[in-house]
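Let me begin by presenting the structure, written as structure tokens, before commenting on it.
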Amino acid sequence: MKTPFAIECIQGDIARQDGFDAVVNAANAELQIGGGVAGAIHRTAGPGLAEECRPLAPIHPGQAVITGAHQLPNRYVIHCLGPVYGVDEPADALLADCYRHAIELAEQYGIESLAFPSLSTGAFGYPMAEAARIALATVMKASDGCHQLKQVRFVLFNERDTELHRKTLANLQHHDTHG
Ligand code: AR6
């Protein structure tokens with residue numbers, strides 16, 4: 001698996017990714033304001049985002065849809081509905097679908113830089129280590145077919161999750177290189 005775009009993991013707020021073409025929202029099925037990531041994104045974007053989202057809802061687990069970014073410092077928001085852990089099955093495949101579909105949309109819209117939060121690991125209860133492995137492996141694999149995307153960033157809320165993502169990424173890249 002080669003990685004034609006750069007992947008980095010940083011600690012921060014997904015609603016403050018200045019300079020990135022698009023950010024991913026950990027959405028609810030109705031694509032309306034919620035807690036966590038969806039709260040931060042909708043609060044910063046303003047009410048126009050929920051309005052643009054209304055006709056696109058409801059979405060199903062694993063699906064991704066794209067809108068404008070309104071007052072966020074980006075061009076687009078890609079909204080993904082992650083699986084509720086222990087409810088939506090198969091959870092691992094549905095979580096991987098979110099990342100794959102988000103990257104497909106990014107490619108279609110000529111997005112060069114994309115920032116992801118850790119989907120499903122808050123209110124939806126997905127264990128962080130397992131979710132990190134699925135997220136990073138899926139993004140690395142999807143990068144093979146990408147021509148537009150040049151930079152992918154994972155934005156984690158705290159230091160522990162950031163370190164976990166960095167270590168997971170390093171392990172996956174090591175296995176890639178050394179078989
Ligand atoms: N920036 C980056 N990461 C964040 C931020 C932020 N501003 N806020 C929280 N996180 P969640 P889910 C982390 O709950 O599990 C919503 O209410 C957080 O620590 O936002 O997919 C929606 O309306 C966690 O690791 O998303 C849905 O109903 C991760 O982001 C539901 O929750 C995801 O937490 C979606 O649940």
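Counting starts at 1 for both ligands and their atoms, in listed order.
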Give the atom numbers and elements of ligand 1 that come within less than 4.0 Å of a heavy atom of Ala26. 21 (O), 22 (C), 26 (O), 35 (C)
Atom of Cys9, atom of His165 and distance for their closest heavy-atom approach: SG-CB, 3.7 Å
Does Ser118 reach ligand 1, in the sense of a heavy atom lying below 4.0 Å from it? yes
Measure the distances from the heavy atoms of Ser120 to every atom of ligand 1 and state whether one is below 4.0 angstrom. yes
Looking only at distances, please establish whether an N/O atom of ligand 1 is found under 3.5 Å from an N/O atom of Gly35. yes
Nearest 0.5 Å please: distance from the CG atom of Leu149 over to the CG atom of Asp21. 9.0 Å
Logged contact type for Ala40 with ligand 1, heavy-atom cut-off 4.0 Å, is side chain
In terms of atom number and element, which parts of ligand 1 are under 4.0 angstrom from non-hydrogen atoms of Gly34? 17 (O), 23 (O)
Nitrogen or oxygen of Asn28 less than 3.5 angstrom from that of ligand 1: yes
Enumerate the atoms of ligand 1 whose separation from the nearest heavy atom of Gly12 is less than 4.0 angstrom. 1 (N), 2 (C)
Within-cut-off N or O pair, Ile14 and ligand 1, under 3.5 Å: yes
Need the ligand 1 atom indices (1-based, order shown) with element for anything under 4.0 Å from a heavy-atom of Asp13. 1 (N), 6 (C), 7 (N)
NZ/Lys167 to CG/Leu172 distance, rounded to the nearest 0.5 angstrom? 14.0 Å
Under-4.0 Å salt bridge between Arg166 and Glu163: yes
Ring centroid separation Phe116 to Phe154 under 6.0 Å: yes
Report the part of Gln32 in contact with ligand 1, treating N, CA, C, O as backbone and CB onward as side chain, heavy atoms under 4.0 Å; options are side chain, backbone, both, neither. neither
Taking 4.0 angstrom as the limit and counting only heavy atoms of Met128, give me the atoms of ligand 1 inside it, by number and element. 25 (O)
Residue-level breakdown please: for Ala27 versus ligand 1, do any non-hydrogen atoms fall below 4.0 Å on the side chain, on the backbone, on both, or on neither? backbone
Just to confirm my output: which protein heavy-atom neighbour is closest to atom 14 (O) of ligand 1, and how far is it? Ala123 N, 2.9 Å
For atom 19 (O) of ligand 1, closest protein heavy-atom neighbour: Phe157 CB, 3.9 Å
Minimum heavy-atom separation for His60 to Leu81, with atom names? C-CD2, 3.6 Å
Using distance alone, determine whether Gly122 and ligand 1 share an N or O pair under 3.5 Å. yes
Which residue owns the protein heavy atom closest to atom 25 (O) of ligand 1, what's the atom, and how far is it? Thr121 OG1, 2.7 Å
When hydrophobic residues are tied together by side-chain contacts of less than 4.5 Å, even through go-betweens, does Ile41 share a cluster with Leu105? no
Spacing of Arg133 atom CZ and Asn171 atom CG [to the nearest 0.5 Å]: 11.0 Å
Is a side-chain N or O of Gln11 found less than 3.5 angstrom from the main chain of Val155, in a donor-acceptor match? no
Just verifying a value: how many Å separate His79 NE2 and Gln32 CD, rounded to the nearest 0.5 Å? 10.0 Å
Among protein heavy atoms, which lies nearest atom 30 (O) of ligand 1, and at what distance? Val37 CG2, 3.4 Å
Roughly how far apart are Lys141 NZ and Ile103 CD1, rounded to 0.5 Å? 12.5 Å
Heavy-atom gap Gly39 to ligand 1 smaller than 4.0 Å: no
Among all protein heavy atoms in this structure, tell me which lies nearest to atom 31 (C) of ligand 1, with the distance rounded to 0.1 Å. Phe124 CE2, 3.5 Å
Measure from the side-chain N and O atoms of Glu107 to the backbone N and O of His147, and report whether any donor-acceptor pair falls under 3.5 Å. yes
Is the side chain of Asp88 donor-acceptor paired with the backbone N or O of Val84 at a distance under 3.5 Å, no angle test? yes
Can you find a protein heavy atom under 4.0 Å from atom 5 (C) of ligand 1? yes
